[in-house]
Amino acid sequence: MSDSTRSTMGSGRSGAGMPRAEVLVVLGLLVGVAGFLGVVAGNAPTLALAGAAVLFGGFALLARPEYTAAAVAFLLWANVPVVAMRDHGVPKALASLYLLALLLPILRSALIERRGLVLSKGMPWLALFAGLSFLSAAFARKPELALGEATDIAIEGVLVFVLISQAIRDRDSLRRVTWGLMLAGGFMGAIALFQQATGHFDSDFGGFSMIDSGFSTGEITTQGRSSQPRLAGPIGEKNRFGQIMLVLVALGIGLARAERSVGMRRIVYGLVGLSAIGSALTFSRGNAVAFALLLGVMVSVGTISKRQVGGLFLAAGFMLLLMPQYRDRLMTIGSVLSLASSTPSASTPDGAILGRATEVIAALLVYADHPVLGVGPGQFASYSQEYGNKLGLRRLDTEREAHTLFPHVAAEGGTLGLIAFSGVLVTILLSLYRRSKQTEDPVLAHLATAYLLAISAYLLCGIFLHMAFIRYYWFLVGVASAAATLPVEPSSHELEARARGERSVEAPEGVVSI
C-alpha cells in the first residue's frame, strides 16, 4: 500500500487535511484534559503523569496506528505497566489499558482496510487448553485458587494471543514488533550492565533493575566474604529475567539475517549483546545450559555456522574471565551427575540442585496419580511437600513449584492439558519451520526462523523453569503465530516476473478469511 493510499484512508478525503472544526475540537479536548490532569497533579502527581502518558501516547498511536503493536511489545517485554503499578502507584486498571491499544490496528484492518480475520491453526488448541483448565479447576483441591489461575490463562493466554496475532497483519508490522522486543532487551540490558559496572546495587533504577538474592564469590574482603548480587530486571525474579533476555538473544540473531542494511544489522547485534549481558548477570546456571543447547538448534537450522559457534564460545570464555564468580558457579553444574551415581567420592550437589530434582520428581509423581485432568491450575505447589518429602533428596519446608515446564503442565493439566498445550506448540513450530524454508519472501523466512529460535530458547530454559509469568510466553507464541500465517510478500524481482506472466504465487497455507 502506498503512502498516498494510507493518507487517503486515514483522512477519509483524498488530499484533504483535517477540517478546521475537527482541529478545534481536538485542541479543546487537549486543553480540557490538560487542565484536569493539572488539578489531579496537585494531589496525585504519579497518577497525573501516568494519565498524561496514556493520553498523549494514545494520540500518537491514533496518528500512526501501525506502530501500536510494536509499542505494546516494548511495554510488555520491559514490564513497564507492572513497574508503574508496583513501584509508582499507578492503578491496576490504568496500567492494564495498554493491551487494549492493540484494538487500534485490528479495527483499522477490519473497518477501513476491509481485511478478514486470520485464524491461526494453534488457536483451537489454545482454546481447548483454556477450557480444560477451567474443567480441571472444578475438581481441584482449592477450586477458588484454581479458578483464578484458569482465568489468568484465559486473559494472559487466550486474550493476549488473539490480540497480538490479529494486530500483526503484514511483514512490516511483524518486523516492527520484533524491533520493539529487541529495543526492550537493549533497554533492560543497558541498565543491568550499568548497575553491575558501577556497583549501584542499592538502587533498583525505578523498578527496572531489581536484585533477587545473591551468592558468595569466596573472595575475602575487609568486610568479610564478598557476595555477588543476582540481577532480576523489572520482573523481580532472576531466572525469569534471564529467560526473557535469552529469548531476545535468539530472536535478535534471527532478525539480523532479515535486515538488509549493514547499519541496521550492527544495531541488532548491539541489542543482542546487551540482552546477552542482561541474561548473564542473572548468573543462572539453567540459562547457561539452555544457551549451549540453543547453539545446537541454531546450527541445525542453518542460522549460524560451526565456525561462528566457535567464535561465540570464545566470547563466552572471555566473559567468564571478566566474571570469575560466574565461572565458579557454573562449575557446580557437574555435581548434578552425582544424583545418578553410587560412587561415594562423587561431588555432592548443592541445595538448589537437590531442591530442583525433588520438585521435578514430585511433579512427575503427581501426574502419575492424576493422569487425566491433573490437580488443577496453580495447584501443584500444595502437593509438592506431600510428594517431595517422601523422596529423601531434600526436605521441602514450604510449598514449591515444579521448576520444569512440561512436568508442571502435566501435573496441573493432566494428559489432556499436556496434549492441548503441546498441540499449540507443535502446530506453530511446524508452520514456522515450513515458512522459514520458502524462498519467495526471504525477509519473512528469516523472521519465521527468528521466532522458531526464540520459542526454542524459551522451551530450553523451560527445562529448569515451570509455567509462570505466562503473558511473556503467550505473547511470544502469538507473534510467532502471525509470522507463520502472514501472506508471503514477493520481492521486486518476483513482481516483475508476475507482470510478465512468468509465474504466480499461491496463497499461503494457514490463512483463513472470516
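Just so it is clear, the values below take in all heavy atoms, side chains as well, and ignore hydrogens, waters and symmetry mates.
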When you measure from the side chain of [X] to the backbone N and O of [Y], does any donor-acceptor pair fall under 3.5 Å?
X      : Y      : result
Arg265 : Arg260 : yes
Gln438 : Glu440 : yes
Glu412 : Phe380 : yes
Arg435 : Leu486 : yes
Asp441 : Leu444 : yes

Inset, instruction - Show your reasoning for whether side-chain contact (heavy atoms from CB on, under 4.5 Å) applies to Thr415 and Ile419. - result: CA-CA 6 Å; Thr415 302; Ile419 290 174; 3.8 Å; yes
Can you give me the closest heavy-atom contact between [X] and [Y], atom names plus distance?
X      : Y      : answer
Ser422 : Phe406 : OG-CE2, 4.0 Å
Ile463 : Thr404 : O-OG1, 3.0 Å
Leu163 : Leu99  : CD1-O, 3.8 Å
Ala69  : Ile164 : CB-CD1, 4.2 Å
Ala167 : Leu102 : CB-CD2, 3.9 Å
Arg176 : Glu66  : NE-O, 3.1 Å

Would you say the side chain of [Y] lies within less than 4.5 Å of the side chain of [X], judging by non-hydrogen atoms?
X      : Y      : value
Asp170 : Arg115 : yes
Ser436 : Tyr433 : yes
Leu132 : Leu128 : yes
Arg257 : Thr449 : no
Met210 : Arg86  : yes
His408 : Leu405 : no
Leu274 : Leu248 : no
Thr485 : Ser431 : no

Inset, instruction - Please confirm whether Phe421 and Tyr473 have ring centers closer than 6.0 angstrom. - result: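 Aromatic pair counts; centres sit under 6.0 Å.
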Inset, instruction - Assert yes or no for the condition that the ring centre distance of Phe208 to Phe187 is strictly below 6.0 Å. - result: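 They qualify: ring centres under 6.0 Å apart.
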Drop me the distance from [X]'s [atom1] to [Y]'s [atom2], to the nearest 0.5 angstrom.
X      : Y      : atom1 : atom2 : result
Met188 : Ser279 : CE    : OG    : 11.0 Å
Cys461 : Leu293 : SG    : CG    : 9.5 Å
Leu271 : Trp179 : CG    : CH2   : 6.0 Å
Leu459 : Leu465 : CG    : CG    : 11.5 Å
Ser456 : Leu246 : OG    : CG    : 11.0 Å
Ile106 : Leu100 : CD1   : CG    : 10.0 Å

Legend entry - Derivation of the side-chain contact (heavy atoms from CB on, under 4.5 Å) call for Phe129 and Val409: CA-CA 10 Å; Phe129 179 69; Val409 173; 4.3 Å; yes
Legend entry - Sole residue of Arg266, His446, Arg175 in side chain to side chain donor-acceptor pair (under 3.5 Å) with Glu259: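 So, applying the side chain to side chain donor-acceptor pair (under 3.5 Å) to Glu259 and each of Arg266, His446, Arg175, only Arg175 qualifies.
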Inset, instruction - Tell me yes or no: between the side chains of Tyr451 and Ser481, is some donor less than 3.5 Å from an acceptor? - result: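 No - no donor-acceptor pair under 3.5 Å links their side chains.
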Legend entry - Ser209 side chain to Asp204 side chain, donor-acceptor N/O pair below 3.5 angstrom: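 No pair is found: no donor N or O on one side chain lies under 3.5 Å from an acceptor on the other.
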Legend entry - side-chain contact (heavy atoms from CB on, under 4.5 Å) against Asp212, all qualifying residues, sequence neighbours excluded: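 With neighbours one apart ignored, the set is Ala232, Glu237, Lys238.
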Inset, instruction - Would you verify whether the NZ or CZ of Arg240 falls within 45 degrees of the ring axis of Tyr472 while also being under 6.0 Å from that six-membered ring's centre? - result: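 Judged by the rule (NZ or CZ under 6.0 Å from the ring centre, within 45° of its axis), Arg240 is not positioned above Tyr472.
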Inset, instruction - Kindly indicate, with the supporting measurements, whether the criterion side-chain contact (heavy atoms from CB on, under 4.5 Å) is fulfilled by Val272 and Met182. - result: CA-CA 8 Å; Val272 167; Met182 293 308 304; 3.9 Å; yes
Inset, instruction - Specify whether Phe475 and Trp77 have parallel, tilted or perpendicular ring planes, treating 30° as the upper limit for parallel and 60° as the lower limit for perpendicular. - result: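 Tilted, since the angle between the ring planes falls between 30° and 60°.
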Inset, instruction - Apply side-chain contact (heavy atoms from CB on, under 4.5 Å) to the pair Val477 and Trp474, showing each step before the final yes or no. - result: CA-CA 5 Å; Val477 173; Trp474 292 116; 4.3 Å; yes
What side-chain donor-acceptor pairs closer than 3.5 Å can you find for residues 138-162, not counting sequence neighbours?
unit_1, atom_1, unit_2, atom_2, d
Arg141, NH1, Ser382, O, 3.2
Arg141, NH2, Glu386, OE1, 3.3
Thr151, OG1, Leu147, O, 2.9

